Amino acid sequence: MFIGIDDTDSTEGMCTTYLAPILYEELRECGGILVELPYLVRLNPNIPYKTRGNAAICLKVSLSPENGGKERVEERVMRCVESLAVFSDPRTNPGIVFVDEPDEDAVEDLKNFSKAALHRIVEIDEARNLIKEHNFDAREYKNGRGIIGALSAIGIALDLKEKDHTYELIAYRRRENIGKKRRIDEGSVFYADRITYPKTWDTVDLTNGRIVLAPSGKDPVLYGIRGDDIDEIFKASNLIESEPIWGKTLFMTNQGTDGHLTRVSIKEMEEYGSYIVKGTVSKVPVAMEGGHLFFEISDDSKSVRCSAFEPTKQFRNIIRKLKIGDEVDVYGGFKKDTMNLEKINIKKLNDLVSRNPICPICGKRMKSAGRDQGFRCKRCKTEIKEREIDKVDRGLKEGLYEVPPSARRHISKPLIRMNEEKRHPSR
Ligand code: ATP
């Protein structure tokens, strides 16, 4: 049976992932044995309802009928969610879905539903209809929005093993420390990163001199180590010196996969969607108050404003150098008619400039001889018809660029995980 859970946390505490180690123990007592790693899934990072990173979890358990089977397991899950979810927060609307041995149709529908939740806004009724159609057991609390993430977590977990996936090892805090300042030895984190990168990634932001593996709120997470290689992830974790921890849980995740992005044309983009779009720079970058940069790209049919906000730090140094005519693919989320950049692929730099020609006799730049009359050298009286086309050094290389780890979305694929030849990972 698959158990999907979402929306139990608030900025004032809790983290939905915390339910995984708690339920691991709780369910064992009633015959529900975890048969795969717990899944931590990230959904569309643009949606307005999220607390932080739009995460949900899914557990796959085997049931033992002697111990009460399905009913007891379901009851225990609900009891855990009810005792841990932050119901006082108006934005916390938990949802739980149980899917027992889904048939082919149910599998197909669950996968399609989770695809939608990765790419766009999904309505609660779409989730309710799916639950009703397939007779899934589900539990809604408050406005019930959590069932969207709960269903999607199951839909993604169904075949994540066969798709691009990564891992995260989360270290949880002891109860007495939750809410207090986190004690993590930063030097040990930089060392752990040096030893295990690139098999682990997004542990530190070297350029900005920050560790990025720890959240800052009152939730029970001390830190999380992400990567592609389980042994290296554990190695990194064992190198980190910190306050005593309560326990560690390894998740299989869709983090770092770009699972949220679809390739569309500019006119196909919809509010809150996440996309890759192709275009040509049509307005040069302009800096706004606060250090945010805005520019525009266009394709055959439409133009769109693109942004690189202040937290994207050194990524803006690349954006600042864009010029009209550069051919790019932009990756990011579309909100308020603006594409917020996560990555950019500079495919073809417009590195040609047209200038008045140089006089072949005296070497001086020639002057226009009037409209459509070519160019003339005042001194030597030489005449040349055509402008000169020169190649300039733009101080910028073609290829893929990304925001730094400190500004990275959980689901964004770090360039270090990509095979592209022309890439410039930010670290
Ligand atoms: P954390 O990262 O700390 O776990 P969070 O950012 O995951 O917090 P949630 O508390 O899970 O935030 O809130 C996200 C809410 O949005 C959930 O109720 C979830 O069901 C819902 N949701 C997720 N994806 C979509 C979507 N594509 N469309 C509409 N609602 C969604």
Side-chain angles (χ1 to χ4, degrees), residues 3-22 38-58 81 84-97 110-131 138-157 168 170 172-173 178 212-224 226 249 251 253-255 259-262 270-275 333-335 408-412:
I3 306 168
I5 307 173
D6 196 14
D7 210 346
T8 63
D9 57 354
S10 94
T11 44
E12 287 307 301
M14 222 348 231
C15 169
T16 301
T17 69
Y18 190 45
L19 282 158
I22 302 258
Y39 294 92
L40 160 55
V41 309
R42 299 285 177 174
L43 302 166
N44 186 353
N46 282 320
I47 63 133
Y49 318 112
K50 66 175 185 178
T51 313
R52 284 177 291 256
N54 202 6
I57 62 162
C58 172
V81 169
L84 285 168
V86 188
F87 285 97
S88 54
D89 187 326
R91 289 166 59 93
T92 299
N93 298 287
I96 314 172
V97 178
L110 281 162
K111 285 187 189 167
N112 288 335
F113 184 87
S114 59
K115 248 181 236 157
L118 277 167
H119 302 308
R120 62 167 171 90
I121 291 258
V122 176
E123 299 303 328
I124 302 182
D125 278 344
E126 294 179 61
R128 288 187 183 131
N129 291 342
L130 184 63
I131 289 168
R139 188 68 200 253
E140 292 181 21
Y141 298 89
K142 294 166 69 186
N143 80 15
R145 192 182 314 281
I147 57 169
I148 298 173
L151 271 173
S152 309
I154 298 174
I156 290 173
E168 177 161 356
I170 300 186
Y172 294 98
R173 311 186 75 183
I178 296 176
V212 293
L213 80 172
S216 54
K218 294 178 185 161
D219 57 280
V221 174
L222 181 62
Y223 63 75
R226 295 169 183 190
T249 302
F251 292 87
T253 87
N254 67 343
Q255 292 173 162
H260 61 314
L261 300 175
T262 40
E270 286 173 13
E271 182 78 355
Y272 297 124
S274 296
Y275 302 107
F334 186 57
K335 231 184 226 180
R408 192 123 62 223
R409 304 262 205 209
H410 304 280
I411 195 167
S412 287

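One-based numbering, in listed order, for ligands and for the atoms of each. All residue numbers refer to positions in the sequence shown, counting from 1. Just so you know, these numbers come straight off a predicted model, no measurement behind them.
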Asn54 side chain to Asn44 backbone, donor-acceptor under 3.5 Å: yes
Is there a nitrogen or oxygen of [X] sitting under 3.5 Å from a nitrogen or oxygen of ligand 1?
X: Ala150; answer: no
X: Thr8; answer: no
X: Arg145; answer: yes
X: Ala116; answer: no
X: Gly149; answer: yes

Give the residue, atom name and distance (to 0.1 Å) of the protein heavy atom nearest atom 23 (C) of ligand 1. Asn54 OD1, 3.2 Å
For ligand 1, which atoms sit closer than 4.0 Å to a heavy atom of Ala117? 27 (N)
For the pair Asp7 and Lys142, find out whether any cationic side-chain nitrogen is under 4.0 Å from an anionic carboxylate oxygen. no
Determine, using heavy atoms of [X] and all atoms of ligand 1, whether some pair is separated by less than 4.0 Å.
X: Arg120; answer: yes
X: Ala56; answer: no
X: His119; answer: no

Just so I know, are the side chains of Ile170 and Leu40 near enough to count as touching, which here means a heavy-atom distance under 4.5 Å? yes
So, do Val97 and Ile131 sit near enough that their side-chain heavy atoms are less than 4.5 Å apart? yes
